[in-house]
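Chain A is the first sequence line, chain B the second, and so forth, proteins listed ahead of strands; every chain is numbered from 1. Only this structure's heavy atoms are used, side chains among them; waters, hydrogens and symmetry mates stay out. All values derive from a computational prediction rather than experimental measurement.
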2 protein chains.
Amino acid sequence: MVSIKEVARVAGVSTATVSRYINDPKQVKQPTREKVQQAIAETNYAPNSLARNFRRGKTGVILVALPSIGTPFFADVMKGISTIAKDMHYSILIKETQLNQLTYDEYTNLVLSKQADGIILLSAIIPFATGGRQRPSSQRQAPIILSCENVTPELGRYPSVRIDNTSAAAEATDYLIKLGHSRIAFVFGLQSSTLTLDRERGYRKAMKAAKLAVADGWVTEGGLTLDGARKATRLLLSHAERPTAIFCANDEMAMAAIHEIKSANLQIPRDISIIGFDDIRYAELLDPPLTTISQPAAEIGERTMLRLSQAIDGRDIGVEPEIVPHKLVIRRSTASPAKRQ
Amino acid sequence: MVSIKEVARVAGVSTATVSRYINDPKQVKQPTREKVQQAIAETNYAPNSLARNFRRGKTGVILVALPSIGTPFFADVMKGISTIAKDMHYSILIKETQLNQLTYDEYTNLVLSKQADGIILLSAIIPFATGGRQRPSSQRQAPIILSCENVTPELGRYPSVRIDNTSAAAEATDYLIKLGHSRIAFVFGLQSSTLTLDRERGYRKAMKAAKLAVADGWVTEGGLTLDGARKATRLLLSHAERPTAIFCANDEMAMAAIHEIKSANLQIPRDISIIGFDDIRYAELLDPPLTTISQPAAEIGERTMLRLSQAIDGRDIGVEPEIVPHKLVIRRSTASPAKRQ
DNA sequence: TTGATGGGTGTAAACAATTACATCGTAGCA
DNA sequence: TGCTACGATGTAATTGTTTACACCCATCAA
């Protein structure tokens, strides 16, 4: 392992000069610069990032925690994160949380132990450590920001960048109501995800505002997975009061729902309307193309990363959520219910 | 920043003892252990990974380079990688190569400069640095392994874990031929990706073996994107000798093709058969469910990571590709061509 | 001429952990 | 009792880089 010392020896200068050359060649005079350049080439020197980061006390890493890589919507958010991260010379470390979500303290600890300079959560936080009833401690606050997700109030407030999930869901539900639907079902994701709880809240709010009843079994868990959503849909189809419209908390579940409905020889939207959430890139390729709520995924990612970098630089970014606009995208999976009631 | 030194002071022991306690408590006698434990709690000490990694000369990081996160197939490979990586206490650093692919030397340099202990490439390598005709240098070999991808022979041979893309593509094409198709088109991905070139080779081999002609324009670029594939499909549909079957180099492009074909009021498989590649999780939800080549994505990821870790540990893993089995999955997007010729 | 200024460079002290080696004490054994 | 062996702990070197500070020299103003 050839070090800066060896380069300095070969070039006949001090290590400080070599270091300066590497970090900003302008600090070194032309003739010296050439000597160093030459020596680096000769020795095949490569700067040791480990040593540099150690000395600087910065990892240059942003950790992104998400339930599962390969969710099309999150992938788009990640794109936004990457774009900005690259500009700021941060690398992206991925942590799939899957089933084992971490507590806020555990995330904080990753920063304290210098595994990352900051953390973006696309995943929910669990309130307490398994077993204990350990409250979020008042440890030194680490740069952590939530993207898309929200957090339950009892955990305290943390900065976030997201859409207003409740309003968006209410808007989607309203649209179905305006089309004339009254039997509207809702397939949510996971209980642990406040994001889908917010959406459920919006759905219920809209139903209530329209004085529409939500029958038992109309609100059901799809688990954010294809299989879960298929099962949920089958349940809804066999419901005594079969809904005329289904609102899925994300587009992938809507995809699964469409498949199940067709398999049952029902037509969309004639027999059942479907509305999704996220407007992933496959949404418009579905048959029929999916009506859904569009989120500016890349923008969310970019804003999140930007705000996080401010926090890392020591600026106070507060805890107010930064709300970005959503949009109802009307395609052909929704229509007025058939008249035969 | 509280360090091991402070803990040692508080506990009334030496730094060596604290270090030993952290790395393997069994090395420390019970009474001492308790003192250290106590001191750590008291001082709120968190080990500094930066210092540890620096001292050990290991980053604990595996870099995974891939064209674009959010490709469902790659996401599944990544799952396999993650699983093993977690077991081995490696973190996963993501590098989206997108349009700017790197040379082999550039990847090697990431290891030499201690940004990662090893690299997995799900992305192609470009032969030469932009501008120069710099050949892959004989620099010290870094632990780099290709997953899924292959590499053009002139770049030399590197270890890889993948299916036999050529055979798999030939098999898919054969299946269409056996169904009675003779006008078979092929939508490939990117020119730079040897992976899709291999598949094209398989397609051509099968066509040739069956003495079938490949008309001009039947082999066309979809660019691995939805939009690219839609455009490619439209081109094929308006071709003077319209194919009766289209083989897409991946399932996402097949998804786009299905959409376009339906938009043109043609039926699948009655008017046109479609076959994909990868068997992503959406394949069976499509309408009609997609016939495709299934790859053991997670297994590929696992094997890759396993083999890479051996290379990191200094073992010689050779350059022989590790070939895993693929499988033709027949669903309903393929059928014999309609008799009206 | 003298003193101040500042650019270019060198010296050496951090940074926080790991670990080779030394030391100490105790147990085991003859 | 005296010796060995070994387990537990301490001392201090080491890792590669950055950077505060010192130094030198040339330039320029007074």
task: With a 4.0 Å heavy-atom cut-off, tell me which residues in residues 27-36 of chain B come close to DNA chain C, sorted by residue number.
output: none
- request: Might you point out which heavy atoms bring A:Gln115 and B:Ser49 nearest each other, and give the distance in Å?
  value: OE1-OG, 2.7 Å
Could you tell me the separation between the [atom1] atom of [X] and the [atom2] atom of [N], rounded to a whole number of Å?
X	N	atom1	atom2	answer
B:Leu50	D:dG16	CG	C1'	13 Å
A:Lys26	C:dT9	NZ	C1'	18 Å
B:Asp24	D:dG7	CG	C1'	14 Å

field: Residues forming a side-chain contact (heavy atoms from CB on, under 4.5 Å) with A:Val111, sequence neighbours excluded
entry: A:Ile119, A:Ala142, A:Pro143
message: Among residues at least two apart in sequence or on other chains, which ones pass side-chain contact (heavy atoms from CB on, under 4.5 Å) with A:Lys79?
response: B:Ser68, B:Glu96, B:Gln98
- line: Only residue of A:Lys35, A:Glu42, A:Glu34 satisfying side chain to side chain donor-acceptor pair (under 3.5 Å) with A:Gln38 is A:Glu42
query: Taking atom CD1 of B:Ile92 and atom NZ of A:Lys95, what is their separation to the nearest 0.5 Å?
result: 11.0 Å
task: Report the distance from atom CG of B:Leu93 to atom CD1 of A:Ile62, rounding to the nearest 0.5 Å.
output: 11.0 Å
Distance-only side-chain donor-acceptor flag, [X] / [Y], under 3.5 Å:
X	Y	result
B:Arg52	B:Asn23	yes
A:Asn53	A:Thr59	no
A:Thr43	A:Glu6	no

- request: Check whether any side-chain N or O of B:Thr17 sits under 4.0 Å from OP1 or OP2 of D:dT9, and answer yes or no.
  value: no
message: Please report the end-to-end axis angle for the helix from C:dT1-D:dA30 to C:dA30-D:dT1, five pairs per end, rounded to 10 degrees.
response: 50°
Collect all protein-nucleotide pairs involving nucleotides 12-18 of chain C in which both atoms are nitrogen or oxygen and the distance is under 3.5 Å.
from	atom 1	to	atom 2	distance (Å)
C:dA14	N3	A:Arg55	NH1	2.9
C:dA17	OP1	B:Tyr45	OH	2.8
C:dA17	OP1	B:Asn48	N	3.1
C:dA17	OP2	B:Ile4	N	2.5
C:dA17	O5'	B:Tyr45	OH	3.3
C:dT18	OP1	B:Asn23	OD1	3.4
C:dT18	OP1	B:Asn23	ND2	3.1
C:dT18	OP1	B:Arg52	NE	3.0
C:dT18	OP1	B:Arg52	NH2	3.4
C:dT18	OP2	B:Ser19	OG	2.5
C:dT18	OP2	B:Asn23	ND2	3.2
C:dT18	O2	B:Arg55	NH1	2.3

Just distance, no hydrogens or angles: give the donor-acceptor pairs under 3.5 Å from side chains in residues 304-312 of chain A, sequence neighbours left out.
from	atom 1	to	atom 2	distance (Å)
A:Thr304	OG1	A:Ser147	OG	3.0
A:Thr304	OG1	A:Ile300	O	2.6
A:Arg307	NH1	A:Ser160	O	3.1
A:Arg307	NH1	A:Glu320	O	3.2
A:Arg307	NH2	A:Ile317	O	2.9
A:Arg307	NH2	A:Glu320	O	2.8
A:Ser309	OG	A:Leu306	O	2.8

